[in-house]
S.K.: 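Here it is, the structure, as structure tokens.
Chain naming here is simple, since letters A, B, ... match the order of the sequence lines and numbering starts at 1 in each.
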Amino acid sequence: MQLSPLEIIRRESLQKLRELGINPYPADEFKTTATIQQITSNFDAFKGKEVVLAGRMMSRRIMGKASFAELKDASGRMQIYVNRDEISSEDDPTMYNTVFKKLLDMGDIIGVKGEVFKTQVGEVSVNVKELTVLAKSLRPLPVVKTDADGKVHDAFADNEQRYRRRYVDLIVNDHVKETFIKRTKITNSMRNFFNDRGYLEVETPILQPIPGGAAARPFMTHHNALDMPLYLRIANELYLKRLIVGGFDAVYEFAKDFRNEGMDRTHNPEFTVMELYVAYKDYNWMMDMTEELLEKIAIDTNGTSTVQIGKNEVSFKAPYPRVPILEAIKIHTGYDVAGMNDVELREVCTKVGIQVDETMGVGKLIDELFGEKCEHLYIQPTFITDYPKEMSPLTKEHRDNPALTERFELMVNGKELANAYSELNDPIDQRERFEEQMKLSAKGDDEAMFIDQDFIRALEYGMPPTSGIGIGIDRLVMFMTNNASIQEVLFFPQMRPEKKAPSVELNEEEKVLLKMIETNAPILLNDLKEKSGFSNKKWDKTLKGLTKHNLAKVTNTDEGLFVEVV
RNA sequence: GACCUGGUAGCUCAGUUGGUAGAGCACCUCCCUUUUAAGGAGGUGGUCCUGGGUUCGAGCCCCAGCCAGGUCACCA
């Protein structure tokens with residue numbers, strides 16, 4: 001492995017610490033008495049008191065016999081003051097002069113014991129009396145500085161590096177940590193909301209023999225012992241409904257789902273959906289619950305029901321408008337498409353500038369009209385309701401109109417955040433809908449939808465009227481934390497693997513050239529170049545490679561440049 | 001999948017018409033006992049993403065590829 005000069009220096013420091021009898025990776029528990037956040041937010045209580053802290057040294061300002069450094073723990077950052085005569089003595093200043101000033105580096109994890117005070121400039125600090133090395137850092141961190149105006153300089157901002165080395169991102173970019181803390185606040189808020197109502201959190205299979213509950217391309221795998229294909233779930237809907245059949249009144253699951261499709265700033269191959277099913281409820285009840293839930297989440301997360309999302313200020317305060325999808329299309333395109341057949345709909349689409357083809361049915365055409373002309377306009381939370389039957393194979397037929405279903409999607413900031421139904425519980429209807437879906441997909445789709453016979457069997461035993469909802473957690477977190485990219489709300493977004501580090505071994509050309517030098521040395525550089533037959537670039541790279549490995553050297557003499565082996 | 005933009009020191013970035021690879025921070029040496037983007041003096045550090053090509057000469061031009069970001073397409 002090739003080490004950079006900075007890494008070599010740190011390894012040397014590591015060795016010197018050991019030589020001084022200091023274990024750079026001690027095993028002992030290090031008992032702290034406070035967190036940085038507790039001290040900085042409550043200085044008066046800590047003033048003059050002794051505290052023990054542990055964290056990472058993020059900066060160091062050495063001024064002769066005294067220094068300041070910044071310590072960062074999980075709760076925040078704080079300044080420490082390190083004085084030679086406090087942590088060591090004039091007779092033996094090793095701890096200060098050697099350990100602290102020379103052998104410690106930015107990024108090292110240390111423990112300090114000392115007294116809380118305020119500097120002349122008024123910054124809360126700890127006057128260190130005892131310094132303990134807890135873990136040596138061998139790689140230099142990016143140096144990010146924040147000035148007096150709070151402006152960040154030299155931010156570690158390359159997204160590729162940030163995602164590949166999220167641990168570094170979390171260390172140096174404090175706001176990143178905030179996002180993930182909020183993510184947990186959001187899911188905790190939801191759990192509390194559901195648990196307070198007596199809903200049961202459950203776990204259902206991720207490995208499924210039939211990938212049901214949605215129409216998406218699944219990841220496939222294989223079980224060796226059973227010698228059968230298995231799929232990573234694309235949804236958990238059908239399993240949760242089985243539990244409702246089994247007699248639970250309300251079940252929910254935070255589910256990692258997997259879809260083998262394109263990736264962009266709103267799609268990751270694995271993502272999180274919270275699905276909830278409540279018996280004896282309908283989609284109207286679910287809308288009431290949803291707006292109540294989202295208002296609570298916003299307040300629990302940000303302290304207010306109003307959230308800044310990009311350029312928009314979005315209010316999650318309940319209630320939210322409820323607009324039937326056909327009404328939305330009438331408002332925003334001027335066309336009343338209720339009751340139209342596919343020919344008429346295709347005409348409308350063409351008139352408003354939407355490209356259509358023959359395979360598109362009524363449902364798809366309405367979906368296109370809404371998606372293209374309406375969706376992006378719903379910035380404030382809005383329930384779009386009563387989708388056409390064709391698009392919703394798991395949804396109960398609308399009580400007043402057999403062409404529609406009892407379904408809503410919640411739009412926020414022009415995007416879909418949640419999807420909910422009065423669940424279809426008529427097993428005969430369900431079987432027919434599945435068969436229709438199969439016909440649709442057989443029309444030219446490579447992905448045939450499977451019929452989950454066991455799910456239908458479960459419905460045949462009888463499922464109470466139920467309403468269910470799926471809420472996209474990643475998207476919700478994006479909204480609540482004002483992030484435009486899903487990668488910012490996932491600790492480890494999917495990435496292509498990194499290139500392998502180049503090997504330190506000689507490549508073929510270098511071996512050939514080395515042999516040539518060995519048999520002919522010393523040889524004029526230009527003669528060797530000609531003899532090698534390499535292109536200019538290849539020649540240059542190869543010779544530089546050899547000199548770098550310290551196997552050949554070029555000497556400048558009166559007779560010209562000569563190459564010889566070392 | 002298509003197109004656009006980018007990849008140079010540990011980090012953030014310059015790099016002129018193709019002519020000896022640069023700055024700030026970090027790092028190393030020295031000075032400095034309440035500083036704070038600490039300061040002062042000096043110094044080290046490079047696979048210019050990879051592989052070909054053009055050229056006397058490539059970080060720069062050409063071709064192919066890799067990785068990322070963006071736009072679009074596809075896709076519950």
Side-chain angles (χ1 to χ4, degrees), chain A residues 2-10 12-13 59-70 77 79-86 96 101-102 105-107 117-123 125 127 137-164 168 172 213-217 234-235 237 257 259-267 269 271 273 355 367 371 391-394 409 416 419 445-447 470 472 484-485 487 493 495-504 507 509 526 534-538 540-541 544-545 548:
Chain A
Q2 284 283 16
L3 294 178
S4 72
L6 297 183
E7 290 173 292
I8 292 167
I9 289 168
R10 285 177 180 232
E12 285 166 4
S13 299
S59 69
R60 193 171 44 169
R61 298 180 284 279
I62 296 173
M63 302 170 307
K65 296 183 192 67
S67 301
F68 291 95
E70 193 182 18
R77 291 162 183 259
Q79 179 169 270
I80 59 172
Y81 174 74
V82 183
N83 186 307
R84 186 193 71 185
D85 298 332
E86 300 270 6
Y96 182 75
K101 276 169 67 176
K102 297 227 197 299
D105 291 289
M106 244 180 73
F117 76 111
K118 236 180 213 173
T119 63
Q120 289 178 355
V121 204
E123 176 144 352
S125 310
N127 187 354
S137 161
L138 296 182
R139 272 178 195 266
L141 285 172
V143 185
V144 181
K145 294 198 173 186
T146 308
D147 66 19
D149 301 331
K151 200 190 280 177
V152 177
H153 298 260
D154 298 337
F156 179 57
D158 181 79
N159 286 340
E160 178 175 359
Q161 292 310 319
R162 287 183 48 231
Y163 302 150
R164 286 196 194 283
V168 175
V172 302
R217 185 169 305 167
I234 55 176
E237 171 158 358
D257 289 347
R259 294 184 185 177
N260 204 343
E261 287 164 358
M263 293 166 59
D264 57 35
R265 74 178 195 293
T266 55
H267 296 85
F271 59 101
V273 178
Q355 286 211 327
D367 193 35
M391 299 159 61
S392 314
L394 300 165
E409 290 192 355
E416 177 201 337
N419 184 17
D445 199 347
D446 48 337
E447 295 293 313
S485 152
Q487 290 150 310
M495 303 281 274
R496 280 183 199 273
E498 276 182 276
K499 270 182 305 195
K500 272 195 180 162
S503 91
V504 289
N507 62 33
E509 285 87 359
N526 281 331
F534 291 160
S535 72
N536 288 314
K537 186 159 277 182
K538 173 81 75 189
D540 190 55
K541 292 257 177 205
K544 276 180 181 165
K548 194 167 189 93

S.K.: Nearest-Å distance, CZ (A/Phe117) to P (B/U33)?
M.R.: 16 Å

S.K.: Between B/G10 and B/G46, how far is it from one P atom to the other, in whole Å?
M.R.: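 Nearest-Å result for B/G10 against B/G46 at atom P: 8 Å.
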
S.K.: Does any non-hydrogen side-chain atom of A/Asn159 lie less than 4.5 Å from one of A/Gln487?
M.R.: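 No, too far: nothing below the 4.5 Å cut-off.
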
S.K.: Please list, chain by chain and in numerical order, all residues satisfying salt bridge (charged side-chain N to carboxylate O under 4.0 Å, His left out) with A/Glu7, sequence neighbours excluded.
M.R.: A/Arg139

S.K.: Calculate the interatomic distance between A/Met495 atom CE and B/C66 atom P; express it in whole Å.
M.R.: 16 Å

S.K.: Could you check which of B/G10, B/C28, B/U35 has an atom nearest any side-chain atom of A/Thr119?
M.R.: B/U35

S.K.: Could you check how far CG of A/Leu141 sits from C1' of B/G10, rounded to whole Å?
M.R.: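 Distance, rounded to whole Å: 9 Å.
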
S.K.: Enter the distance from A/Ser485:OG to A/Arg265:CZ here, rounded to the nearest 0.5 Å.
M.R.: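 Interatomic distance, A/Ser485 OG to A/Arg265 CZ, rounded to 0.5 Å: 8.0 Å.
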
S.K.: Using atom P of each nucleotide, how far apart are B/A73 and B/C66 to the nearest Å?
M.R.: 24 Å

S.K.: With nearest nucleotide decided by heavy atoms, which residue, A/Thr146 or A/Lys101, maps closer to the 5′ end of RNA chain B?
M.R.: A/Lys101

S.K.: Examine B/C30: is either OP1 or OP2 under 4.0 Å from a nitrogen or oxygen in the side chain of A/Lys102? Give yes or no.
M.R.: yes

S.K.: Heavy atoms under 4.0 Å, any strand shown: does A/Arg164 hit a base, just sugar-phosphate, or nothing?
M.R.: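 Sugar-phosphate contact only.
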
S.K.: In whole Å, I'd like the distance from the CG atom of A/Asp147 to the P atom of B/A37.
M.R.: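 My rounded result for the distance is 7 Å.
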
S.K.: Listed by chain and number, what are the side-chain contact (heavy atoms from CB on, under 4.5 Å) partners of A/Lys118, not counting sequence neighbours?
M.R.: A/Phe43, A/Val124

S.K.: Just call it for A/Ile234: base, sugar-phosphate, or nothing, with non-hydrogen atoms closer than 4.0 Å on any strand.
M.R.: nothing

S.K.: Find the distance A/Gln79:CD to B/A38:C1' and express it as a whole number of Å.
M.R.: 10 Å

S.K.: Residues in side-chain contact (heavy atoms from CB on, under 4.5 Å) with A/Asn419, at least two apart?
M.R.: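 A/Asn419 satisfies side-chain contact (heavy atoms from CB on, under 4.5 Å) with A/Arg407, A/Glu409, A/Glu416, A/Tyr421 once adjacent residues are dropped.
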
S.K.: For B/C74, which nucleotide is its Watson-Crick or G-U wobble mate, given both distances must be under 3.5 Å?
M.R.: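 Check on B/C74: unpaired, no WC or wobble geometry under 3.5 Å.
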
S.K.: Could you let me know what B/G19 is paired to, Watson-Crick or G-U wobble, both distances under 3.5 Å, or none if it's on its own?
M.R.: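 Paired with B/C56.
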
S.K.: Under 4.0 Å between any heavy atoms, over every strand shown, what does A/Asp85 touch: base, sugar-phosphate, or nothing? Just pick one.
M.R.: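 Base: the residue A/Asp85, judged by heavy atoms under 4.0 Å, touches a nucleobase.
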
S.K.: Nearest to the A/Gln120 side chain among B/U35, B/A76, B/C11, which nucleotide is it?
M.R.: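 Looking only at heavy atoms from C-beta outward on A/Gln120, the closest nucleotide is B/U35.
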
S.K.: Kindly say whether, by distance alone, the side chain of A/Glu123 makes a donor-acceptor pair under 3.5 Å with the base of B/U35?
M.R.: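 Answer no: no donor N or O sits under 3.5 Å from an acceptor.
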
S.K.: Students often get this wrong, so: under 4.0 angstrom with heavy atoms, is A/Ala155 touching a base, only sugar-phosphate, or nothing?
M.R.: sugar-phosphate

S.K.: Is the distance from OP1 or OP2 of B/A68 to the nearest side-chain N or O of A/Arg496 less than 4.0 Å?
M.R.: yes

S.K.: Considering residues at least two apart in sequence or located in another chain, which fulfil the ring pair (Phe, Tyr, Trp, His ring centres under 6.0 Å) criterion with A/Phe68?
M.R.: A/Tyr81

S.K.: Both distances under 3.5 Å, Watson-Crick or G-U wobble: report the partner of B/C11, or none.
M.R.: B/G24

S.K.: Between A/Thr146 and A/Val152, is there a side-chain heavy-atom distance shorter than 4.5 Å?
M.R.: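 Counting from C-beta outward, A/Val152 and A/Thr146 do come under 4.5 Å.
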
S.K.: Please list each protein N or O that sits under 3.5 Å from an N or O in nucleotides 70-73 of chain B, with the distance.
M.R.:
from  : atom 1 : to       : atom 2 : distance (Å)
B/U71 : OP1    : A/Arg265 : NH1    : 3.4
B/U71 : OP2    : A/Arg265 : NH1    : 2.7

S.K.: Taking the P atom in each of B/A23 and B/A68, what is the distance between them to the nearest angstrom?
M.R.: 32 Å

S.K.: Quickly work out the A/Tyr81 OH to B/A38 P distance and round it to whole Å.
M.R.: 17 Å

S.K.: Determine the Euclidean distance between corresponding C1' atoms of B/A14 and B/A21; express it in Å to zero decimal places.
M.R.: 11 Å

S.K.: Can you measure A/Phe156 atom CZ to B/G69 atom P for me and round it to whole angstrom units?
M.R.: 13 Å

S.K.: Given the P atoms of B/C3 and B/U55, what is the spacing between them in whole Å?
M.R.: 29 Å

S.K.: Heavy atoms from C-beta onward define the side chain here; which of B/U36, B/C25, B/G10 lies closest to that of A/Lys145?
M.R.: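 For the A/Lys145 side chain, the nearest candidate turns out to be B/C25.
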
S.K.: Find the distance A/Lys118:NZ to B/U35:P and express it as a whole number of Å.
M.R.: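 A/Lys118 atom NZ is separated from B/U35 atom P by 15 Å.
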
S.K.: Which base sits across from B/G69 as a Watson-Crick or G-U pair, both distances under 3.5 Å?
M.R.: B/C4

S.K.: Which listed nucleotide (B/C27, B/A37, B/U33) is nearest to the side chain of A/Asn83?
M.R.: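 From the listed options, B/U33 comes nearest.
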
S.K.: Could you identify the nucleotide paired to B/U33, looking across every strand shown and requiring Watson-Crick or G-U wobble geometry with both distances under 3.5 Å?
M.R.: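 Result: none.
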
S.K.: If the condition is side-chain contact (heavy atoms from CB on, under 4.5 Å), which residues does A/Pro269 pass it with, not counting sequence neighbours?
M.R.: A/Phe219, A/Met263, A/Gln494

S.K.: From the list B/C27, B/A76, B/A68, which nucleotide is the closest neighbour of the side chain of A/Asn419?
M.R.: B/A76

S.K.: For A/Leu6, answer base if it contacts any base atom (sugar-phosphate contacts may also be present), sugar-phosphate if it contacts only those atoms, and nothing otherwise; contact means non-hydrogen atoms under 4.0 Å.
M.R.: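 Here A/Leu6 touches the bases of the nucleic acid.
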
S.K.: Between B/G19 and B/C63, how far apart are the two C1' atoms, rounded to whole Å?
M.R.: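 Comparing C1' positions in B/G19 and B/C63 gives a spacing of 24 Å.
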
S.K.: Assuming nearest nucleotide by heavy-atom distance, tell me which of A/Ala66 and A/Arg60 is located more 5' along RNA chain B.
M.R.: A/Arg60

S.K.: Please state whether the phosphate of B/U36, meaning OP1 or OP2, lies under 4.0 angstrom from any side-chain nitrogen or oxygen of A/Arg61.
M.R.: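 No, because none of the side-chain N or O atoms of A/Arg61 sits under 4.0 Å from OP1 or OP2 of B/U36.
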
S.K.: Quick one: are A/Ser137 and A/Asp105 in side-chain contact, heavy atoms under 4.5 Å?
M.R.: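 Result no, sub-4.5 Å side-chain heavy-atom pair not found.
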
S.K.: Will you find, in the side chains of A/Thr266 and A/Asp264, an N or O donor that is under 3.5 Å from an N or O acceptor?
M.R.: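 The answer is yes; a qualifying pair exists.
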
S.K.: With hydrogens left out and only the distance checked, is there a donor-acceptor pair under 3.5 Å joining A/Asp154's side chain and the base of B/A37?
M.R.: no

